[in-house]
*Asks:* 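First the structure, then my questions, so here it is.
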Amino acid sequence: MNFRRGWLRRIPNVVVGVLAGLVAAIVTALAMVVSRQWLGIMPPPESAPDRVAPLLDISTFFSMFGEYGGYNGLKQFGIFSGLRALLTVGIVVGMVYALVIESGWSRRSRRWFLGVSTPALMFIGVSALAVWIGFVIFLWPVLPANYIGVPYSQARLLSIAALLVWFAIFGTTLMLVYRDTTTRLAVAGTAAPIPNPDATDAGSDVDVVAEERAESLAPIATPISRRAALNAALGAALVYPIYDIMKDLYNDATFFYDGTVYSGEDIEPITPTDRFYTVTKNVVDPDIDRDRWRLEVRGAVDKEMTLNFDDLQDYEQIDQESTLMCISNRIGAGLFSNANWRGVRMQDVLMAAGVQDDAYEVKLTGADAYVDTFSMDYALDENTLLVYQINDEPLPRVHGFPVRVIVPGLYGEKNVKWVTRIEVVTEDKQGFYEQQGWGPNFAPPTRSDLFNPRTNGSGQNATFRQPISVGQQVELRGRAFAADRGIRSVEVTTDGGETWNDATIYYPGTDLTWSLWSFDWTPEEPGEYRVYSRAVDGNGDPQPSEARGIVPQGAQGYNIATATVVSRSA
Ligand SMILES: Nc1nc2c(c(=O)[nH]1)N[C@H]1C(S)=C(S)[C@@H](COP(=O)(O)O)O[C@H]1N2
Ligand SMILES: [Mo]
């Protein structure tokens with residue numbers, strides 16, 4: 001009974017606690033979006049999903065795509081879950097704070113900073129500290145992210161400091177708003193009865209009144225409705241600048257271009273830069289200040305090095321054409337492009353640092369804390385580059401400005417963009433997607449596809465969009481790609497594999513690029529035709545015929561398109 005009444009008397013305080021918690025959450029959200037926009041620091045609503053994504057297995061990851069509307073839908077879901085969690089935490093912590101500060105223990109205690117009691121201060125301080133430590137541990141791998149290019153080793157410290165500042169802002173705002181919204185009627189050390197806020201309450205509990213009379217016990221704080229309205233208005237007013245900054249971040253977000261494919265009947269040997277396919281794990285990609293950017297070479301090397309952009313130019317400059325393809329590229333699809341890159345050999349940088357004997361592989365990190373790894377064989381291969389130009393222009397932001405890795409022979413994910421760190425490690429480490437269960441082999445099998453005439457569908461179930469007439473000459477065109485093995489020849493069948501004809505390789509490229517092929521076909525009878533190609537790589541090995549999906553090592557198999565040939569009169 002007493003217990004219940006005690007609670008009931010504190011309901012107005014709990015309401016004030018909720019208000020204070022919500023305002024604190026809003027002020028914290030504002031601090032977070034400001035830090036993200038101008039300091040490039042990744043706040044928990046963004047970093048927590050990023051931390052969790054590699055821990056999901058591939059099927060969960062893909063089923064979440066289905067549920068939330070693709071990778072972009074999932075990214076938005078992650079952010080909004082984080083913001084919702086922040087508001088929920090605000091409400092809950094505010095309620096608990098009100099109960100703590102209005103407990104007998106607290107009201108009997110000394111008051112400190114802004115009149116906050118020892119237990120209330122301890123509650124905020126200890127929980128903020130505990131949450132901070134917990135976040136630092138949990139978010140550790142993603143803390144080196146900095147979206148404006150603060151170097152790796154400083155970025156982690158900056159993120160750790162930002163977490164502390166955000167939590168301190170939360171706690172301080174909560175205490176301030178609660179304090180500002182309530183009043184504690186004076187408790188002089190007198191024997192005079194202390195005015196009881198519940199005095200007018202007919203059912204006022206005798207025991208509670210007695211408790212209030214205890215000399216050293218402060219009364220329960222009384223809410224001031226005018227201050228409550230003011231603080232609520234302040235909190236509400238801060239929603240607008242948050243919205244405004246989030247709108248800017250949204251307009252800058254990857255939603256508009258992530259998953260851009262290079263396909264169509266007009267595939268060129270060299271992909272125009274603005275049509276180069278794009279894949280990113282980020283909600284908003286790094287936007288790096290080149291002067292601030294550093295490449296740190298660390299780990300099992302004789303001499304750790306930190307290079308700036310100009311230092312990198314001291315190494316021999318290499319021009320190299322090579323093709324990049326995502327592991328998620330279905331047979332016949334366009335997460336697949338070819339460009340002229342300019343950069344320096346990773347080998348030269350690693351040799352300057354001096355690779356030690358126990359080196360196992362390189363672990364590469366981007367400014368977005370994306371991590372991937374590959375063996376020393378690839379790291380020291382003369383074709384593996386640190387590039388800063390694509391097709392004679394500086395790398396665009398979305399492709400990794402100012403510097404990215406190009407490692408011919410491996411899927412796109414190993415080609416780390418916005419690279420900030422090369423660590424030579426002495427044991428196996430796993431990359432962002434590898435942790436989900438992709439791989440372990442990241443070398444693409446040989447494939448060939450058909451891009452002209454256009455088809456619907458991909459893989460073995462494509463169909464030509466337009467019917468073909470008997471006697472009409474059709475120029476079939478496609479790509480063939482064998483990672484770093486090159487393409488030796490391509491054959492085409494128009495009868496489901498019964499007879500094969502040599503295709504013309506009209507663009508051979510190099511061992512590191514795709515080749516483009518063509519074949520003129522003039523169907524002589526109406527009917528349905530199964531048309532496809534098969535390539536032989538530079539080692540003389542044929543393209544695998546057995547179809548497989550993209551999970552876990554990338555797709556393979558023929559790109560089979562069904563053509564409907566109609567008689568000319570039809
Ligand atoms: N830092 C960083 N590098 C990254 C990624 C990323 O999200 N962050 N995505 C990878 C993936 S999965 C692919 S397929 C390629 C895509 O490169 P592109 O967008 O320049 O075509 O970049 C890879 N490098
Ligand atoms: Mo990818």
Side-chain angles (χ1 to χ4, degrees), residues 40 42 46 49-50 53-54 58 61-62 65 71-72 74-75 141-142 144-147 149 152 155 253-254 256-263 271-288 293 295 322-330 333-341 343 363-374 384-391 393-408 410-422 431-436 438-439 442 444 481 483 550-555:
M42 182 158 60
E46 191 181 2
D50 236 41
I58 306 173
F61 191 58
F62 277 135
F65 278 25
Y71 207 169
N72 286 332
L74 184 58
K75 287 175 183 179
V142 295
N146 186 277
Y147 286 82
Y152 183 102
T254 59
F256 306 103
Y257 59 82
D258 184 17
T260 298
V261 291
Y262 184 52
S263 23
T271 308
T273 308
D274 60 356
R275 291 188 63 193
F276 201 93
Y277 93 91
T278 314
V279 173
T280 172
K281 72 157 181 74
N282 297 305
V283 179
V284 179
D285 273 336
D287 192 2
I288 291 182
W293 175 87
L295 177 65
S322 51
T323 297
L324 199 63
M325 185 179 74
C326 181
I327 197 167
S328 293
N329 193 39
R330 286 166 213 285
L335 292 173
F336 195 17
S337 295
N338 186 46
N340 283 303
W341 309 96
K363 177 181 169 219
L364 308 155
T365 310
D368 53 350
Y370 177 88
V371 167
D372 223 319
T373 61
F374 45 75
T384 300
L385 306 180
L386 294 158
V387 308
Y388 40 82
Q389 276 190 16
I390 177 172
N391 300 334
E393 304 158 30
L395 272 184
R397 174 183 174 194
V398 301
H399 297 299
F401 181 88
V403 178
R404 81 173 299 168
V405 173
I406 286 294
V407 52
L410 295 177
Y411 284 116
E413 68 184 77
K414 301 283 175 184
N415 295 251
V416 174
K417 302 192 267 191
W418 314 284
V419 62
T420 54
R421 183 171 151 116
I422 305 175
F432 188 89
Y433 293 108
E434 194 177 2
Q435 284 184 57
Q436 294 183 333
W438 295 90
F442 291 93
F481 181 53
I550 58 175
V551 178
Q553 301 194 126

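Numbering of ligands and ligand atoms starts at 1, following listing order.
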*Asks:* My understanding is that only residues two or more places apart in sequence, or in another chain, count here; which of them pass side-chain contact (heavy atoms from CB on, under 4.5 Å) with T271?
*Replies:*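 Once residues adjacent in sequence are excluded, the partners of T271 under the side-chain contact (heavy atoms from CB on, under 4.5 Å) criterion are Y262, R275, F276, S337, N338, W514.
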
*Asks:* At a 4.0 angstrom heavy-atom cut-off, what protein residues surround ligand 1?
*Replies:* F276, Y277, T278, V279, T280, K281, L324, C326, D368, Y370, H399, R404, G412, E413, N415, V416, K417, W418, Y433

*Asks:* Here's a test for you: under side-chain hydrogen bond (donor to acceptor under 3.5 Å, both in side chains), which of D285, N282, D287 qualifies with Y147?
*Replies:*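 One option only clears the test, and that one is N282.
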
*Asks:* Does the side chain of N329 pick up a donor-acceptor pair with the side chain of Y277 at under 3.5 Å?
*Replies:*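 No, no side-chain donor-acceptor pair sits under 3.5 Å.
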
*Asks:* What residues, two or more places apart in sequence or in another chain, satisfy side-chain contact (heavy atoms from CB on, under 4.5 Å) together with Q435?
*Replies:* P54, L55, Q430

*Asks:* So, T254 and K75: side-chain donor and acceptor under 3.5 Å apart, yes or no?
*Replies:* yes

*Asks:* Could you tell me which residues satisfy side chain to side chain donor-acceptor pair (under 3.5 Å) with N391, sequence neighbours excluded, listed by chain and number?
*Replies:*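 For N391 the side chain to side chain donor-acceptor pair (under 3.5 Å) partners, ignoring immediate neighbours, are T273.
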
